[in-house]
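Worksheet for the structure shown next.
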Amino acid sequence: MTGKHDSEAFPVPGAPQRPGGRGTLAAAIGTAALAGLLFGFDTAVIAGVTGDLTHLFALTPETLGITVSAALWGTLVGALFAGKPGDTFGSRGSLRILAAFYFIAGLGCALAPSWPLFLLFRFLCGLAIGGSSVLAPVYIAEIAPSRHRGFLVGLVQLMIVTGILVAYLSNATIAGLVGGDTAWRWKLGVTAAPALLFFILLFVIPNSPRWLVAKGRRGEAGIALARIGTAPDAAEAELSRVEQALERD
């Protein structure tokens with residue numbers, strides 16, 4: 001499998017290489033794992049504002065249930081339909097869009113002037129949660145060294161639980177610092193901060209070498225492998241292995 005970028009051969013011993021190595025690999029895995037933290041944070045944060053929402057929007061028990069579940073419906077849709085964009089644009093490219101969803105949804109929920117708009121932004125948040133729950137583990141699985149792949153993919157699950165804990169701690173902290181009628185807006189709006197960090201970091205990490213090979217961009221795949229610390233001779237073997245796996249698939 002070849003492409004127009006094949007002439008960009010991956011670095012050879014002694015040739016100048018782009019900065020990277022294990023630090024870039026750690027940054028790539030950490031960035032993808034951050035999606036798990038956002039998953040837990042954005043899912044659980046609403047638990048601290050249900051009373052405020054009930055009062056502000058005059059919610060009944062039924063409409064409160066709809067409000068709390070709006071993100072879960074978005075999560076279902078996002079998880080079901082994330083695969084195709086991931087194949088087309090790559091996990092990294094698709095996660096950038098979802099990071100923007102997280103950011104817009106966080107600010108939108110905090111500033112929402114009406115119940116329908118609040119529901120819309122929570123549903124958008126759910127799309128980001130569902131999509132990233134699929135694409136972040138895929139990205140880690142494709143970029144992580146095989147000997148550590150199981151542990152590193154499982155890191156996303158650990159970060160989800162951490163995100164839930166952070167949500168409760170954040171709600172308690174903001175309630176103590178802000179208080180008043182606007183505290184609930186701060187509790188929801190603060191989720192935009194890690195979302196912005198997630199978005200920025202996704203422009204620093206490389207594309208998945210496997211996805212690049214699948215798109216016929218072998219030269220770029222070699223560069224990506226070099227950036228995450230793969231030796232040139234090992235990179236050639238890895239590229240050949242990926243090509244054979246893709247042919248079998």
Side-chain angles (χ1 to χ4, degrees), residues 20 22-45 71-103 105 124-167 191 194-215 221 224-225 227-230 238 241-242 245-246 248-249:
R22 297 302 177 185
T24 300
L25 176 62
I29 293 171
T31 299
L34 184 56
L37 185 138
L38 285 166
F39 182 135
F41 195 175
D42 284 70
T43 299
V45 71
L72 300 179
W73 287 107
T75 300
L76 177 63
V77 174
L80 284 174
F81 294 101
K84 183 61 176 178
D87 290 338
T88 304
F89 305 107
S91 296
R92 185 192 68 169
S94 299
L95 284 170
R96 286 177 181 173
I97 298 173
L98 297 177
F101 283 5
Y102 273 121
F103 181 76
L124 182 65
C125 178
L127 290 178
I129 292 171
S132 61
S133 71
V134 173
L135 296 175
V138 168
Y139 178 81
I140 293 178
E142 291 182 344
I143 203 168
S146 57
R147 63 186 181 277
H148 301 306
R149 189 167 296 145
F151 165 76
L152 293 175
V153 171
L155 186 62
V156 175
Q157 305 303 316
L158 175 62
M159 293 300 288
I160 291 173
V161 177
T162 302
I164 295 172
L165 175 61
V166 169
T191 61
L196 179 60
L197 175 63
F198 184 45
F199 182 76
I200 293 171
L201 289 174
L202 285 166
F203 284 89
V204 178
I205 63 176
N207 268 312
S208 156
R210 188 183 191 281
W211 178 77
L212 290 169
V213 171
K215 293 300 178 181
L225 285 170
R227 287 188 63 190
I228 61 176
T230 305
E238 178 67 13
R241 185 192 64 78
V242 170
L246 289 171
R248 288 195 301 269
D249 291 343

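Qualifying side-chain contact (heavy atoms from CB on, under 4.5 Å) partners for Thr88, counting only residues two or more places apart in sequence or in other chains: Lys84. Among residues two or more places apart in sequence or in another chain, the side chain to side chain donor-acceptor pair (under 3.5 Å) test is passed with Arg96 by none. For Val77, the side-chain contact (heavy atoms from CB on, under 4.5 Å) test picks out Phe81, Phe123, Leu127, with sequence neighbours left out. A search for salt bridge (Lys or Arg N to Asp or Glu O under 4.0 Å) contacts involving Arg241 returns Glu238, not counting sequence neighbours.
Residues Leu25 and Pro145 meet the side-chain proximity criterion, which asks for heavy atoms closer than 4.5 Å. Taking the side chain as every heavy atom from C-beta outward, Leu135 and Leu98 approach each other to under 4.5 Å.
Annotation: the span from Leu95 atom CG to Thr31 atom OG1 amounts to 10.0 Å, rounded to 0.5 Å. One distance of note links CZ of Phe41 with OG1 of Thr191; it measures 6.0 Å at 0.5 Å rounding. Atom-to-atom distance recorded for Phe151:CZ and Leu155:CG is 6.0 Å, nearest 0.5 angstrom. The OG1 atom of Thr43 sits 7.0 Å away from atom CG of Leu72, with the distance rounded to the nearest 0.5 Å. In this structure, Arg92 CZ and Leu212 CG are separated by 8.0 Å, a value rounded to the nearest 0.5 Å. Note that CZ of Arg149 and CD1 of Ile29 are 10.0 Å apart. Values are rounded to the nearest 0.5 Å.
Minimum interatomic distance between Pro206 and Ala224 (heavy atoms only, all atoms of both residues): CB-CB, 4.3 Å. The shortest non-hydrogen separation linking Ser91 to Val138 is OG-CG1, 3.6 Å. Contact record, Ala32 with Tyr139: CB-CD2, 3.8 Å, taken as the closest heavy-atom pair. For the pair Ile164 and Ala44, the tightest heavy-atom approach, listed with the atom from each and the gap, is CG2-CB, 3.9 Å. When all heavy atoms of Pro209 and Ile143 are compared, the closest pair comes out as CD-CG1, 4.2 Å. Shortest non-hydrogen contact noted between Ala136 and Ala35 is CB-CB, 3.8 Å.
Sequence neighbours left out, the pairs with a member in residues 203-214 that pass salt bridge (charged side-chain N to carboxylate O under 4.0 Å, His left out) are Arg210-Asp249. Applying the side-chain hydrogen bond (donor to acceptor under 3.5 Å, both in side chains) test to every pair with at least one member in residues 129-138, sequence neighbours left out, gives these pairs: Tyr102-Ser132.
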Quiz prompt | Verdict with reasoning, Leu76 to Trp73, per side-chain contact (heavy atoms from CB on, under 4.5 Å) | solution = CA-CA 5 Å; Leu76 177 63; Trp73 287 107; 4.2 Å; yes
Practice problem: Verify side-chain contact (heavy atoms from CB on, under 4.5 Å) between Leu34 and Leu37, making sure each step is shown before the conclusion. | Solution: CA-CA 5 Å; Leu34 184 56; Leu37 185 138; 4.2 Å; yes
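When atom types are taken as modelled, the side chain of Lys215 and the backbone of Asp87 share a donor-acceptor pair closer than 3.5 angstrom.
For CZ of Phe203, the number of neighbouring non-hydrogen atoms (other residues, nucleotides, ligands) closer than 6.0 Å is greater than 12.
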